[in-house]
Amino acid sequence: MGYYARARNLHKGAKQLVAIIDETGDYPQTLEGWEAISGVGPSTAGAIMAMGLHQYGVICDGNVKRVLTRWAAIDGDITKSATTKKLWALAIRLTPKNNSGLFAQAMMDMGATLCVRRSPSCSLCPLKDDCIAHAEGRETDYPVKAKKLPKPSKFSNALIMENTQGEILWLQRPDNGIWGGLWSLPLAFIEKVTASELAKPVEVQPQKHEVRSDEKVYEAEFTTAEQIINEWLIENELVAQSVSNTLLDDAPIKHSLTHFHWYLQPQKLIIEDGKIAELSAKLVAANIIFKWLDHKKAHDSLGLPRAMIKIIEA
Ligand code: SF4
């Protein structure tokens with residue numbers, strides 16, 4: 001989701017800034033004002049205050065966190081909010097009230113040039129005399145990050161619904177969520193059923209875990225359009241054919257999100273003209289934005305996510 005969401009936030013943030021400048025004649029002048037801009041987090045807002053506006057501002061980005069966890073030997077998991085709070089408190093305590101921009105720049109440069117991830121240049125570092133990690137020879141033990149669990153996998157069929165002219169149905173995805181605003185084939189989200197699972201009926205204990213945002217997005221991604229299409233396929237007893245013989249486990253298109261791998265299995269379905277008109281009417285009635293376009297036109301004229309390009313190029 002990262003890059004598309006970032007681009008959307010950048011655009012939204014730029015528009016917000018233009019509106020603020022139109023209204024006030026200037027950029028926001030407070031930390032809160034910057035934090036209200038889409039895509040600007042507390043550290044970016046602090047950096048703008050300190051370095052852009054030469055006011056008081058605190059930064060605590062990845063580079064600064066690495067320096068601080070080593071210097072103070074903070075051994076909490078850096079991905080946990082308790083550790084983040086501790087690091088912010090330390091950054092606030094260390095940041096001078098005057099010239100906080102110089103301090104912020106120095107901390108960022110330290111993290112980027114000396115206190116680097118793999119082999120920090122401690123002998124050149126101005127903090128070496130009171131850095132705990134250096135004194136203990138444990139520089140690269142920090143920052144502490146809990147080992148990542150392997151990502152779970154989720155599975156979907158990507159329906160290549162083709163009319164007799166070789167045009168394919170494309171849906172514009174809702175603005176929020178995976179591939180927001182881009183165009184996609186209709187997807188049928190399905191439960192993972194693997195050959196090995198079918199063979200041995202293992203009792204699976206559901207694991208207690210935090211539901212992460214992209215998991216929620218996955219659940220919500222079964223859009224209205226896809227519900228209409230999937231119900232219509234069932235009503236019409238139309239069964240899509242898998243375009244390859246692979247099991248879903250080995251589905252040819254793999255799309256990795258932050259917290260799960262998403263496997264897409266293309267499935268082809270030729271639909272006769274009368275049925276196309278019926279389905280299109282249903283989609284129009286539900287205000288769904290869709291197009292019937294052949295591969296080339298879709299490729300050339302629609303904003304397609306990488307996974308969809310892989311499907312049409314396969
Ligand atoms: S002494 Fe080494 S580990 Fe400590 S802050 Fe400097 S570069 Fe980082």
Side-chain angles (χ1 to χ4, degrees), residues 1-3 5-6 9-10 13 27-35 37 39-151 209-210 212-214 256-259:
M1 191 149 52
Y3 293 118
R6 257 175 248 175
N9 272 338
L10 194 62
Y27 290 107
Q29 298 295 310
T30 62
L31 186 73
E32 296 71 32
W34 279 104
E35 282 182 339
I37 302 295
V40 176
S43 193
T44 306
I48 294 170
M49 290 302 291
M51 292 187 277
L53 300 175
H54 305 292
Q55 296 184 33
Y56 173 71
V58 180
I59 63 159
C60 195
D61 67 358
N63 281 336
V64 176
K65 283 178 180 164
R66 187 167 56 254
V67 176
L68 294 180
T69 52
R70 288 173 175 172
W71 178 71
I74 292 174
D75 51 15
D77 179 351
I78 197 158
T79 63
K80 299 284 178 217
S81 64
T83 315
T84 305
K85 274 190 198 151
K86 210 184 256 187
L87 287 164
W88 267 99
L90 185 57
I92 291 168
R93 193 149 64 81
L94 294 171
T95 302
K97 289 278 177 276
N98 295 322
N99 289 329
S100 58
L102 285 179
F103 180 81
Q105 187 67 61
M107 288 297 283
M108 289 200 308
D109 288 347
M110 285 264 308
T113 59
L114 297 177
C115 198
V116 293
R117 203 153 58 93
R118 290 220 170 90
S119 22
S121 305
C122 299
S123 59
L124 300 174
C125 177
L127 302 181
K128 65 175 180 298
D129 291 340
D130 57 357
C131 172
I132 301 177
H134 179 56
E136 294 176 352
R138 298 180 52 216
E139 296 90 342
T140 50
D141 287 354
Y142 301 93
V144 174
K145 221 180 206 178
K147 272 211 174 114
K148 273 193 191 162
L149 293 171
K151 284 188 195 180
H209 69 292
E210 240 177 278
R212 310 301 297 240
S213 60
D214 51 6
S256 285
L257 297 167
T258 326
H259 297 103

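Computed from a prediction, not measured in an experiment: that's the story for all the values here. Order of listing sets the numbers, starting from 1, for every ligand and every atom in it. For reference, positions follow the sequence shown, starting with 1.
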Checklist line | Heavy-atom pair with the smallest gap, counting every atom of Tyr142 and Ile74 | finding: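 Tyr142 and Ile74 have their closest heavy atoms at CD2-O, 3.4 Å.
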Main-chain N/O of [Y] paired with [X] side-chain donor or acceptor, under 3.5 Å:
X	Y	value
Thr84	Thr79	no
Thr95	Val58	no
Trp34	Pro28	yes
Asp61	Val64	yes

In the protein, which heavy atom is nearest to [atom], and how far is it?
atom	result
atom 3 (S) of ligand 1	Glu139 CG, 3.5 Å
atom 4 (Fe) of ligand 1	Cys131 SG, 2.4 Å
atom 6 (Fe) of ligand 1	Cys125 SG, 2.3 Å

Margin query: Does only the side chain of Cys115 get under 4.0 Å from ligand 1, or the backbone, or both, or neither? Count heavy atoms.
Written below: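 Both parts.
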Next item on the list: Please confirm if an N, O or S atom belonging to Cys122, backbone or side chain, lies less than 2.8 Å from atom 8 (Fe) of ligand 1.
Entry: no
